[in-house]
Amino acid sequence: MKNDLVISVLRSMADFLELMDENPFRIRAYRTAADNVAALEEDIEEYFQEGVKKKIPGVGKDLAGKIRDILSTGTFKEYDQIRRGVPAGVLDLVRVPSVGPKKAKLFYEKLDIASVEGLKKAIADKRISGLPGIKAKTVENIRRGLELLEKGKERLDILTATSVANKFISALKKRKEIAEIAVAGSLRRMKDTVRDVDILIVSEQPKKASRLFTGLPQVRRVVAEGPTRSSVITTDDVQVDLRVIPKDEFGAALLYFTGSKAHNIKLRQLAIKKGWKISEYGLFDKQGRRLASRAEEDIYRKLGMDFIAPELREDSGEIEAASKGALPGLVSLKNILGDFHAHTNYSDGKNSVLEMAQKARSLGYEYLCLTDHSVSLKVAHGLDEARLKRKKKEIQDANRGFKGFSVLFATEAEIDAEGRIDYPEKILSQFDLVIGAIHSGFKQTSQQLTRRIVRACRNRHVDIIAHPTGKLWPTRAPYDIDFEEVFKAAADTGTALEISAYPNRLDLSDVNARRAKEYGVRLAIGTDSHDISHLDYMAFGVGLARRAWLTPKDVLNTLPLKELQKQLKR
DNA sequence: GCCGTTTTCGGCCCGACTGTTTTCAGTCG
């Protein structure tokens, strides 16, 4: 599959063109095409076979020819030419905050700087200061940009971002100068990782509100400060952007700053077709009269579509669906009646059976599956037969104390290198629920891993496959399995695939969970809790499920206990 | 470089903040 190759060549071409100060619309055309290739689910070569009439949006005659060349030779003529003129390292310079294409080009042409390292040196020996338009402040900004690049290479996980956001919100919401406060950006869209945190404030005293924000103790440095926008770096090195807006523009601003960029652009194009204009201040007609701005709902309605939940705003079909009134009724946290994946101190969890149960019950659940590790996972104190017996007894005792709530006797059992489960039949048949999981042998080939999971699906005791791709952000990449094979096997056998709500996992991903649904696979959200506080991670799993367009029907956790028991394999 | 139910040419999403500039370019989101 050469999709990634095509994407990276097109993007890199766009970067080079930008450096050459080319026509910005031509540059955008390359980026749009790359984005659209990235959105393909199929192998791109399917689009370029003899007689195929399928078209990729944003790819016209010219780019089609270039992509054809990339597919056969890995590159194309203009790309090779442009690369000969500029070392690739110059492109890296624009990754430094406050350095864009113009400065990168300047540094390369005047000082022969062709890498981030080179830029660092040029700053250190002050060579950079003499350049036109580069004065002390600019140098200082670039120096800080270099620092930031070093520290903030990775994106933030959703848990960290959420807690940073909550800290600002709880400090600000009680102030009388602040009428309303909300999170926007990719955090509101519940993306698994985010680059920064966006906060919106409604205030009639914008200057005062801004100062309250920039003056909070968790603010280490103020990057920018104006009456409508400010930007700070927190003591834990997270960038937080603030927008202050008047009440009657709140919806327009929230829409704009929630994004995604692609979603916004599509909406604006739609508005233009009607002779209107959308900005962060509202929806306006030709004469500049405001048609809507107070609430997001008003703007969507004026545009002739249903309200689109933030999690769907990725320009992946939601605008078309909303225009036809065909959006799915998304699953939400209040539909969730239980958690499938949690550990106790029998294996590697911190809390007891009873503590976990009480917390789950306080969340309004009907059930909690206590899925301690199985016998062969020694590092996590996997349970042997004797300890299983004790745990079962303890669960039975605990259950006697509950009404309308049950702890299920379950396990997260090892799928071995061949795809077998490590407990024998007579033990497996005693569980209320079995999750199969891979915790070893990640290095197998894609084929072996796929076969392993497919075989586990075919096991008549396995109800759910845990964290199907093994992703552990940021340290472990998802393993490369043949999703089509896995989805088919799961759908075939009625095995659910897990959406791990654990912030470093979030696995399956939104894209793959959406695909799984198309194959008729059911998804089961599990927090993989090792501690009572982890049970709250369910919100992240539900966010992911919503990004995957899932309805309550697609999610196993929405079933009441009686119905669930009927539908499990046993 | 793409695209078209007003267009095959002339558009292409829109605005704030900073720094260095005497009116605007660059960067960012």
field: Side chains of A:Lys103 and A:Tyr108, donor plus acceptor under 3.5 Å
entry: no

task: May I ask you to say what A:Pro101 touches in the nucleic acid, namely base, sugar-phosphate or nothing, with a heavy-atom cut-off under 4.0 Å?
output: sugar-phosphate

message: B:dG1, OP1 or OP2 - any side-chain N/O from A:Arg26 closer than 4.0 Å?
response: yes

query: With respect to the phosphate group of B:dC3, does any side-chain polar atom (N or O) of A:Lys55 fall under 4.0 Å of OP1 or OP2?
result: yes

- prompt: Heavy atoms under 4.0 Å, any strand shown: does A:Ile278 hit a base, just sugar-phosphate, or nothing?
  reply: sugar-phosphate

- prompt: Looking only at side chains, do A:Thr160 and A:Asp157 share a donor and an acceptor under 3.5 Å apart?
  reply: yes

- request: Check the side chains of A:Thr235 and A:Arg220 for a donor-acceptor pair under 3.5 angstrom, ignoring hydrogens and angles.
  value: no

task: Would you indicate, yes or no, if B:dT21 has its OP1 or OP2 atom less than 4.0 angstrom from a side-chain nitrogen or oxygen of A:Lys135?
output: yes

query: Any side-chain donor paired with an acceptor under 3.5 Å for A:Thr551 and A:Asp554?
result: yes

- prompt: According to the Watson-Crick and G-U wobble definitions, with both distances under 3.5 Å, which nucleotide is paired to B:dG1?
  reply: B:dC12

message: B:dG1, OP1 or OP2 - any side-chain N/O from A:Lys66 closer than 4.0 Å?
response: yes

- request: Ignoring backbone atoms, establish whether A:Thr138 has a side-chain N or O less than 4.0 Å from OP1 or OP2 of B:dT18.
  value: no

- line: A:Phe76 meets the ring pair (Phe, Tyr, Trp, His ring centres under 6.0 Å) criterion, sequence neighbours left out, with A:Tyr79

Phosphate-side-chain proximity, A:Lys277 and B:dG15, N/O vs OP1/OP2 below 4.0 Å: yes

message: I want to verify a distance call: between B:dC17, B:dA16, B:dG1, whose nearest atom is closest to the A:Ala224 side chain?
response: B:dC17

- request: For A:Pro227, report the nucleic acid contact type (base, sugar-phosphate, nothing); a contact means any heavy atom under 4.0 Å.
  value: sugar-phosphate

- request: Give a yes/no answer on whether the side chain of A:Arg229 brings an N or O atom under 4.0 Å of OP1 or OP2 in B:dC28.
  value: no

field: Protein-nucleotide distance (A:Ile265, atom CD1; B:dG29, atom P), rounded to Å
entry: 15 Å

query: If anything within 90° of 0 is syn and all else is anti, what is B:dT21?
result: anti

task: Name the nucleic acid region contacted by A:Lys105, choosing base, sugar-phosphate or nothing; use a 4.0 angstrom heavy-atom cut-off, strictly under.
output: nothing

Distance-only donor-acceptor test (3.5 Å): side chain A:Asn141, base B:dG19: no

query: For A:Thr228 and B:dC17, is the shortest distance between a side-chain N/O and OP1 or OP2 below 4.0 Å?
result: yes

A:Tyr256 (side chain) and B:dG15 (base): donor-acceptor pair under 3.5 Å: no

Length of the line joining A:Arg144:CZ and B:dG19:C1', which is rounded to integer Å: 14 Å

- request: Among the candidates B:dC12, B:dG15, B:dC2, find the nucleotide nearest to the side-chain atoms of A:Ala29.
  value: B:dC2

query: A:Arg31 near the nucleic acid: base, sugar-phosphate alone, or nothing, with a heavy-atom cut-off under 4.0 Å?
result: nothing

task: Determine whether the side chains of A:Arg229 and A:Ser210 contain a donor N or O and an acceptor N or O closer than 3.5 Å.
output: no

- request: Rounded to the nearest angstrom, tell me the gap between atom CG in A:Leu106 and atom P in B:dG19.
  value: 18 Å

- prompt: Quick one: which of B:dC14, B:dG1, B:dG29 gets closest to the side chain of A:Asp198?
  reply: B:dG29

message: Base, sugar-phosphate or nothing for A:Lys261? Non-hydrogen atoms, less than 4.0 Å.
response: base

